[in-house]
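Owing to the predicted nature of the structure, the values given are computational and were not obtained by experimental measurement. Atom set for the values below is all heavy atoms of this structure, side chains included, hydrogens, waters and symmetry mates excluded. Within every chain, numbering begins at 1; the chains are lettered A, B, ... in the order of the sequence lines, protein sequences first and strands thereafter.
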2 protein chains.
Amino acid sequence: MVFGVRKGSNVRPRVTLEDVALRAGVSRATVSRVVNGSQTVKPAIRDSVLRAVKDLGYVANAAARSLVTRSTNSYALVLPEAHTRVFSDDQFFPRLIRGLSEELGAADKQLVLLMSSDAAAHRRIEHYLLGGHVDGVILASAHRGDPLPGTLGGTDLPVISNERVLDNVDFPYVGVDAVGGAAAAVRHLVGTGRRRIATIAGPQDMSAGIDRLIGYRREIARTGGSSIVATGDFTRQSGEVAMRELLADEPDLDAVFVASDLMAHGALRTLQAAGRRVPDDVAVIGFDDVEICQYSDPPLSTIRQDIVEMGRTLVRQILRLSCGEVVEPAVVLPVSLVLRQSA
Amino acid sequence: MVFGVRKGSNVRPRVTLEDVALRAGVSRATVSRVVNGSQTVKPAIRDSVLRAVKDLGYVANAAARSLVTRSTNSYALVLPEAHTRVFSDDQFFPRLIRGLSEELGAADKQLVLLMSSDAAAHRRIEHYLLGGHVDGVILASAHRGDPLPGTLGGTDLPVISNERVLDNVDFPYVGVDAVGGAAAAVRHLVGTGRRRIATIAGPQDMSAGIDRLIGYRREIARTGGSSIVATGDFTRQSGEVAMRELLADEPDLDAVFVASDLMAHGALRTLQAAGRRVPDDVAVIGFDDVEICQYSDPPLSTIRQDIVEMGRTLVRQILRLSCGEVVEPAVVLPVSLVLRQSA
DNA sequence: TTGTAAGCGTTATCAT
DNA sequence: ATGATAACGCTTACAA
């Protein structure tokens, strides 16, 4: 209580290795060995050290350790705050975090969250990452044009992404089979007799938007149909608007594959307002399988992707990467069609 | 490229203060001063140092700095992963994170995310926090019975919470006026002529659940009515179930105040299934103002709380706390009644 | 105004 | 199996 407070109110004299060593009557080196689980310490000594540790409530200082080991046991999740999926009720973000957190926790690593909201934030993040705060970086949903990937590319920091490809750099990534999922949706629509199948696509500056459109186009082409596309930004509102456009342009459409459930939810409303029955007049399939699918009217058929698992896999890869291992450039997780009542 | 790889693949020889000093022809101390913005450095020297910094791409090493300053510039957000609000489409979690992230970013601090999922995770977190990794802790939605607050209480780590009161310890907190919000909802119901007003309460082991029930009871008592309560766990499903109970017990109820929008959404479905018209037969008011309120049938009247602002305020307080300042034991943010069509 | 040097709390090398 | 001791990269008295 008499110690100089420099910054913060960390008053109590910190317990160090030295203190433990003194109490246990051994050297600092020995305490360090015990604390780090070395097998070359005589059991008796080990025990007395452990007792001293417990008595004193010793916990190794992170900074000191990290200074010498050159590793922090922390990993950064960088994501663009602007990302509409992050702050809607899309559940992408919570699910991702849950997966990351689970797997990181199992490895006794920590997650630091970096939101790249604006230019200032971007500078801060870059500085932070380069300052050796973390052992690796998980890049989520970076947009095309985002400068960070480029910067990171020139670094020796391990990076993993969930995007198929960023501007010029390409990091190994872990994604879901969006192309396949979209194609499966269209295939189902075709298989159930739909003939004029439109799509509401997502933003075309990120894989989630691009790939789902690719899958749609591919399958439409395969069946000799022609593409009918409107574009939204993954929000409900944009879904409503896009659906109106579609209806105006192609009044005779009988199905829509929508690149996100939220947009599909919006589309459902437009359809209802326009007096079209779903699925009788027009079938709708979304993408993501968020909770609202079960509560919409009618319940929404969709493509399910396992974001929690994606998070876990992302972690497994970055962990390997930061051990110097080489990992597969791409891991693609499967998706599945879940049928409810809208198609 | 010839350097020993110890852990990680951090190969490239790290640029240190020393390197910059050498290049700029000054001492390490001077470089340090420049980097830390000291005003006592001659402009010419300052410039040449800055140039060297840029040329070399120097970024101060976090661990080294933190070792001597005893501060990390990071703050932990601890939240119980079990928390249903975290992984539903409740938006509490994303909004909180957004607020924290914004305000922390403005202060050039970082956020580390700690999910307390199980006992093992809990031990890890405790260890992590005690290891001096962070300058302060933000405790979100700790449940009653959670052991962490107690542990933290015996520490000199600054802690701020969003719960009015934890088991035995009480940290300063930043909350919303849940009691007042619930009371306002009931008051509106009474004011519009409702007479048999029930409630679906949330879990009674956390402030969010407790306070909303208190507000309901208080206002019901004030108007001489009698309480009719069922309890859920903040999920839609529990809302459906609770509403069924209510209907069974009190078939003549004409209004329900529901402690969360998700539960209210569930209740709406039950009501509809039971052939009760909303708001004609029974009025419904929720709590939270999540996005779904605008899309439910009918759109849901609710109590709006500004979680982003709560996050920001939480940060402001923990920042002050970790500077050794004393902060007000409680900051209570206002809520507001937003009327849509369900009441 | 600038430099020198003493730590900060660990881990790791090298003797013993 | 254990103990000195030298880093690790930085900040900060204190001296000049």
Side-chain angles (χ1 to χ4, degrees), chain A residues 3-8 10 12-49 52-53 56-73 127 130-133, chain B residues 3-8 10 12-49 52-53 56-73 127 130-133:
Chain A
F3 294 73
V5 178
R6 201 191 312 282
K7 276 183 184 176
N10 297 339
R12 142 173 0 192
R14 201 187 254 295
V15 178
T16 73
L17 257 197
E18 184 95 43
D19 301 325
V20 178
L22 218 64
R23 171 131 183 169
V26 298
S27 72
R28 299 204 314 269
T30 298
V31 178
S32 176
R33 288 188 192 103
V34 171
V35 169
N36 291 294
S38 161
Q39 295 304 322
T40 75
V41 176
K42 198 182 288 182
I45 296 213
R46 207 187 69 97
D47 290 350
S48 73
V49 169
V53 165
L56 265 27
Y58 169 76
V59 176
N61 178 272
R65 177 176 278 175
S66 155
L67 183 55
V68 30
T69 62
R70 300 163 119 23
S71 91
T72 63
N73 283 335
H127 209 257
L130 268 26
H133 280 85
Chain B
F3 294 73
V5 178
R6 202 191 312 284
K7 275 183 187 178
N10 298 339
R12 143 174 0 194
R14 202 187 250 297
V15 179
T16 73
L17 255 198
E18 183 95 45
D19 301 326
V20 179
L22 218 63
R23 170 135 185 166
V26 299
S27 73
R28 301 206 312 272
T30 298
V31 178
S32 174
R33 290 190 191 101
V34 171
V35 168
N36 291 294
S38 162
Q39 295 305 322
T40 75
V41 177
K42 196 181 291 181
I45 296 213
R46 206 187 70 98
D47 291 349
S48 73
V49 169
V53 165
L56 265 28
Y58 170 76
V59 176
N61 177 272
R65 177 176 278 173
S66 156
L67 184 54
V68 29
T69 62
R70 297 161 124 23
S71 90
T72 63
N73 282 335
H127 209 258
L130 268 28
H133 280 84

*Which angle, rounded to 10°, do you find between the first-five-pair axis and the last-five-pair axis of the helix from C/dT1-D/dA16 to C/dT16-D/dA1?*
40°
_Side-chain N,O (B/T30) to OP1/OP2 (C/dG3) below 4.0 Å_ = yes
*Atom of A/A52, atom of A/V20 and distance for their closest heavy-atom approach*: CB-CG1, 3.9 Å
_On the nucleotide D/dT11, are OP1 or OP2 found under 4.0 Å from the side-chain N or O atoms that B/S32 carries?_
yes
*Spacing between B/E18 atom CD and C/dG3 atom P, to the nearest angstrom*: 13 Å
_Smallest separation among heavy atoms of A/A64 and B/L67, with atom names_ = CB-CD1, 3.6 Å
*asked:* Show me the pairs that pass salt bridge (charged side-chain N to carboxylate O under 4.0 Å, His left out) and involve residues 20-32 of chain B, at least two apart or across chains.
replied: B/E18-B/R28, B/R23-B/D55
*Rounded distance (nearest 0.5 Å) linking atom NE2 of A/H133 with atom CG of B/N61*: 8.5 Å
Side chains of residues 39-46 of chain B: which donor-acceptor pairs under 3.5 Å do they make with residues two or more places apart or in other chains?
{"residue": "B/Q39", "atom": "NE2", "partner": "B/G37", "partner atom": "O", "Å": "3.4"}
{"residue": "B/T40", "atom": "OG1", "partner": "B/S38", "partner atom": "OG", "Å": "3.1"}

Close N or O pairs between protein and nucleotides 14-16 of chain C (under 3.5 Å):
none

*Gap between atoms CG and C1', on A/N73 and C/dT11 respectively (whole Å)*: 14 Å
Taking N or O atoms only and anything under 3.5 Å, show me the protein contacts with nucleotides 6-9 of chain C, one pair per line.
{"residue": "C/dG9", "atom": "OP1", "partner": "B/R70", "partner atom": "NH2", "Å": "2.9"}
{"residue": "C/dG9", "atom": "N2", "partner": "A/A64", "partner atom": "O", "Å": "3.4"}

*Partner set under side-chain hydrogen bond (donor to acceptor under 3.5 Å, both in side chains) for A/S66, not counting sequence neighbours*: none
*Write down the atom of B/L56, the atom of B/V15, and the distance for their closest heavy-atom approach.*
O-CG2, 3.5 Å
*Considering all heavy atoms, the nearest A/R65-A/V35 contact*: NH2-CG1, 3.7 Å
